[in-house]
Amino acid sequence: QVQLVESGGGLVQAGGSLTLSCAASGRTFMDYAMGWFRQGPGPEREFVGAIRWSGGSTKYAGSIEGRFTVSRDIGKRTVYLHMNNLKPEDTAVYYCAADWAPGTEMIRTARYEYDYWGQGTQVTVSS
């Protein structure tokens with residue numbers, strides 16, 4: 001059974017930093033892209049960034065403007081979202097997700113492409 005468990009959310013002041021973790025278990029993720037999404041007050045869950053588990057290639061949403069970085073520790077089976085220079089508009093529930101896409105380093109950004117999801121962790125940025 002695949003499990004993705006996020007942690008590391010919390011309250012931070014604008015301009016601060018936070019690192020989220022996503023512990024993955026239940027299968028080998030070498031053919032997966034591991035993505036981070038977020039959902040603010042609106043209905044949309046938007047793509048933030050992702051990493052290919054095997055090759056390590058990354059992709060980010062333009063709105064991130066270079067402030068966030070996705071990394072992974074294969075030995076720990078954990079994916080990270082490092083967030084710097086946080087802004088109040090970054091306030092959201094952040095979700096980790098896994099997209100099975102074998103034989104490619106492609107990273108997809110559409111929510112419906114992702115097969116497995118964590119429960120989410122709240123990030124609140126105060127002004």
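The figures here come from the full heavy-atom set of this structure, side chains too, leaving out hydrogens, waters and symmetry mates.
Pairing each heavy atom of V70 with each of G49, the nearest pair is CG2-C, 3.9 Å. Across all non-hydrogen atoms, the minimal contact from N85 to R67 is O-NH1, 3.0 Å. The heavy-atom pair separating G56 from E105 by the smallest distance is N-OE1, 4.0 Å. Nearest heavy atom pair, residue Q39 against residue E44, reads CG-O, 3.6 Å. Taking each heavy atom of E6 and C96 in turn, the nearest pair found is OE2-N, 2.7 Å. Considering all non-hydrogen atoms of both residues, F68 and Y60 come closest at O-CE2, 3.5 Å.
Taking the salt bridge (Lys or Arg N to Asp or Glu O under 4.0 Å) definition, one finds that E113 meets it with R108, sequence neighbours left out.
For Q13, the CD atom sits in a loose shell: 12 or fewer heavy atoms of surrounding residues, nucleotides or ligands are nearer than 6.0 Å. Counting non-hydrogen atoms of other residues, nucleotides and ligands closer than 6.0 Å to NZ of K76 gives a total of 12 or fewer.
Cluster annotation: V5 is not connected to Y80 through the hydrophobic network of ILVMFWY side chains, with a link wherever side-chain heavy atoms come within less than 4.5 Å.
Formation of a donor-acceptor pair under 3.5 Å by the R27 side chain with backbone atoms of V2 is not found in this model.
In this structure, K59 and T109 have side chains that are in contact, with non-hydrogen atoms separated by less than 4.5 Å. A 4.5 Å side-chain heavy-atom check between R72 and F29 finds every atom pair outside the cut-off. Contact check for Q122 versus T91: side-chain heavy atoms found under the 4.5 Å cut-off. The closest side-chain heavy-atom distance from L4 to Y95 is not below 4.5 Å.
With rounding to the nearest 0.5 Å, the separation of CG in L81 from CD1 in I64 is 7.5 Å. The distance from the CH2 atom of W100 to the CG atom of D115 is 9.0 Å, given to the nearest 0.5 Å. Separating the OG1 atom in T69 from the CG atom in N84 is a distance of 6.5 Å, to the nearest 0.5 Å. From W36, atom CH2 reaches atom CG of L20 across 5.0 Å, with rounding to the nearest 0.5 Å. For the atom pair I107 CD1 and F47 CZ, the distance stands at 6.5 Å (nearest 0.5 Å). The OG atom of S25 lies 5.0 Å from the CD atom of Q3; values are rounded to the nearest 0.5 Å.
For R45 and W117, the positive end sits near the middle of the six-membered ring, less than 6.0 Å away and at most 45° from its axis. Relative to the ring axis of F37, R111 does not place its NZ or CZ within 45° and under 6.0 Å from the centre.
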